[in-house]
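The structure under discussion appears below in the form of structure tokens.
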Amino acid sequence: MTALGEFTLYIRDVLERPVFRKARLIAGAGGTGRKVGWVHILEIANVAPYVTKNDLIMTTGLWLRHYEQQRLSYMQQLIRQEAAGLCVELGTSIENIPAEIIELADVSDFPLIVFEQPVRFVEITQDIHGLLINQQHQMLKDLEAFSRRLQQITLQSTDVSAVLHVLYEYAKQQVVYYSTVDTNKFIPRGISPAAADEIAPFYRQRVEGNESAHQEAGMFELPQERLLLTQPVICLGQTLAHVGLVLPRRQVQERLTLLLDYTAKSLASLLLRMLFLEEKMLRDQNQLIQDILNHQIEDEEEARMRMGLRPPKQSEMWFAGGMIETEYGGGDEEPDRDKVESDQQDLLVRLRALLKKYALHNLIMQKGRRIYVLCAREKPAKEDTPVSLQQTIRKIVERLQHPASGAPVFRLHAGFGLVRNRMTDMHRSFKEAEQVLEVARSRAAVQDALFYDRIGVYRLLKAIPAEALESFVQDQLGALIAYDQEHHLHLLQTLDMYLKCMGSKNDTAKALYIHRQTLYNRLDKLMEILGEDYLEPERRVCLEMALLALPLLT
């Protein structure tokens, strides 16, 4: 594929045309790079209202003979209007060009062309206009082909890079794609890291910070005599990306602006379709997890099909259901709502990236500050235990809790149920995961117990109805709790540590940072309230169970 043809006509090109073979450039040689957009014949002195940028003006010089006092004004008007140049026919109205006119043209690099004998202006205008019209027609044909190519790509795939490659093939200039929802892209990819690092901050500072540039096409200066021609990619009124071309100075052409415009519209269509597909996928995932939580799926093959997995007969798999929650610092004020939403979004992005990195099939659903996660991995041929899946999940949670970019502003709690080989049993895993979270929030000692099979006796305690558990705790510790509330002797804390230290008075005093005599006084009071048999095995087990259960009730 060759680049889109050059459709800009310059003075130097005009001088090469057959109709100009008898013409001579007598001044303004430095302006032969001026663009020619149209040709006009003007014989009046007040030309400004009738001249537009890039017009090539033709005259017999009648104004030089009749308006001697205004001849410099005539030239100055053409220069101010940014005309392409002036062609004068000698021999009809005038025989030569005044020196001051030639000098002004040279100083202004304004091309002054003379025909030293009469010519037919109509032939010249027909030739140049025909050339411009044909070129414009050819450009429109090539743009139509370019548009069809883009349309084919956007209909066949959702590959942003493929669209950018087509733009590069036609423009033959460095393509830049700056996205607010995806990774930035550079075509060709050989761009140096330094150049890439230069352009991305430039977009953030100069383009995103400029309200008009954020919504409209723009052109910005880059270092090293370069320009950035950029076009926003707008979907549903929101600017999701920018596509741009890095150009050498003075090479900005209409065709490049049109190429960018066509590309931006194609990218908008592609991104819009991607957003709808992603939204549909998220809705499907949410519905599937909701059906699992409500135990509304009993057919294993149907469940796996909805998750995009192979049926049970073709693949044995391990499944784990879990929950991740965020908890903000202990201040009385609620954190800013926008901040919470932003943190949750960042957490979701990191979680998806880690699940992808560790090659886990997954479903994710967010509800407030809680994220439901269902992970799946094919069961290795010789693996009879789910240890590898648990190890992978632990790595992911640890990476979420301790990101490389710095400490998060919230505390992360996570819990996963038992790993099972049937997806239809995941409603049980999610219930178990919720129990892990409840235990982790209430007991610092088990906050790192990520899985249900690691929370030990708390599995039994969580299985007891709350009313029965509360009654048991009251029977065992009620008198002690009431005495502490009235006298503030910390007897409950002392009992807990004394039992943990296996009855060692010395270790208990050290752990509580109290004098041994103070401990003896407390132990005497414990015996008085609980009875002399409180250290007997059966009674001791009941007290330890009640101490473990107490935080679960508060």
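What's counted below: heavy atoms across the whole structure, side chains too, no hydrogens, waters or symmetry copies. Counting begins at 1 with the first residue of the sequence.
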query: Under the side-chain contact (heavy atoms from CB on, under 4.5 Å) criterion, do F416 and V436 qualify, and how do the steps go?
result: CA-CA 7 Å; F416 283 79; V436 175; over 6 Å; no
- request: For E544 and V457, run side-chain contact (heavy atoms from CB on, under 4.5 Å): C-alpha distance rounded to whole Å, both residues' side-chain angles, the deciding distance at 0.1 Å, then the answer.
  value: CA-CA 11 Å; E544 288 177 329; V457 71; over 6 Å; no
- request: Verify side-chain contact (heavy atoms from CB on, under 4.5 Å) between L550 and I481, making sure each step is shown before the conclusion.
  value: CA-CA 11 Å; L550 182 59; I481 294 171; 4.2 Å; yes
message: Could you walk me through whether Q390 and I393 satisfy the side-chain contact (heavy atoms from CB on, under 4.5 Å) test, starting with their C-alpha distance in whole Å, then the side-chain angles of each, then the deciding distance to 0.1 Å, before giving a yes or no?
response: CA-CA 5 Å; Q390 288 184 328; I393 291 173; 5.7 Å; no
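Under the 30°/60° scheme for interplanar angles, the aromatic rings of F146 and Y170 are found to stand perpendicular.
For Q366 (side chain) and G368 (main-chain N/O), a donor-acceptor pair under 3.5 Å exists by modelled atom type. For the pair R394 (side chain) and F451 (backbone), a donor-acceptor distance under 3.5 Å is absent.
Annotation: K431, atom NZ; neighbour count of heavy atoms from other residues, nucleotides and ligands within 6.0 Å does not exceed 12. Other residues, nucleotides and ligands contribute over 12 non-hydrogen atoms within 6.0 Å of the CD atom of Q314.
Looking at E301 and K313, no side-chain N of the basic residue comes within less than 4.0 Å of a carboxylate O on the acidic one, giving no salt bridge. Between R370 and E434 a salt bridge is recorded (basic side-chain N to carboxylate O distance below 4.0 Å).
No side-chain heavy atom of Y452 sits under 4.5 Å from any side-chain heavy atom of R428. In this structure, the side chains of M423 and M317 stay at 4.5 Å or more apart for every pair of heavy atoms. A 4.5 Å side-chain heavy-atom check between L347 and R350 finds at least one atom pair inside the cut-off. Using a 4.5 Å heavy-atom cutoff, the side chains of L412 and T326 are in contact. Put simply, the side chain of D299 does not reach to within 4.5 Å of the side chain of T424, judged on heavy atoms. The side-chain heavy atoms of Y520 and K505, taken from C-beta on, include a pair separated by under 4.5 Å. Residues Y534 and L495 are in side-chain contact: their nearest non-hydrogen atoms beyond the backbone lie under 4.5 Å apart. In this structure, L523 and T508 have side chains that are not in contact, with every pair of non-hydrogen atoms separated by 4.5 Å or more.
Applying the salt bridge (charged side-chain N to carboxylate O under 4.0 Å, His left out) criterion to R539, with sequence neighbours excluded, gives D533. With sequence neighbours excluded, no residue satisfies salt bridge (charged side-chain N to carboxylate O under 4.0 Å, His left out) with R377. The ring pair (Phe, Tyr, Trp, His ring centres under 6.0 Å) check on H487 picks up Y483, with sequence neighbours excluded. For the salt bridge (charged side-chain N to carboxylate O under 4.0 Å, His left out) test, no residue two or more places apart in sequence or in another chain qualifies with K510.
Distance check, rounded to the nearest 0.5 Å: CZ of R516 to CG of N506 gives 5.0 Å. Taken from CG in L512 to CG in D507, the straight-line distance is 11.0 Å, to the nearest 0.5 Å. Between the CG atom of D484 and the NE2 atom of H490 there is a distance of 7.5 Å, given to the nearest 0.5 Å. Separation of atoms CG (L270) and CG (L150) is listed at 10.0 Å; rounding is to 0.5 Å. Between the OG atom in S504 and the CE atom in M497 there is a gap of 12.0 Å [rounded to 0.5 Å]. The line from NZ of K462 to CD of E438 is 3.5 Å long, rounded to the nearest 0.5 Å.
If you check the side chains of T263 and Q231, you find no donor sitting under 3.5 Å from an acceptor.
Looking at every heavy atom in both residues, L260 comes nearest to T230 through CD1-N, 4.1 Å. Minimum heavy-atom separation, M426 to L418: CE-O, 4.5 Å. A pairwise comparison of heavy atoms in A433 and G417 identifies CB-N, 3.7 Å as the closest pair. The shortest heavy-atom contact between A414 and I324 is CB-CG1, 4.1 Å. Residues N286 and I364 share a closest heavy-atom pair of OD1-O, 3.5 Å. Taking each heavy atom of S179 and N184 in turn, the nearest pair found is N-OD1, 3.1 Å.
Sorted by first and then second residue, the salt bridge (charged side-chain N to carboxylate O under 4.0 Å, His left out) pairs involving residues 150-160 (not counting sequence neighbours) form an empty list.
Evaluated for a salt bridge (charged side-chain N to carboxylate O under 4.0 Å, His left out) with R420, the options E432, E300, E316 yield exactly one hit, E432.
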I'd like a table of donor-acceptor pairs (distance under 3.5 Å, sequence neighbours excluded) in which one partner is a side-chain atom from residues 466-473, with atom names and distances.
none

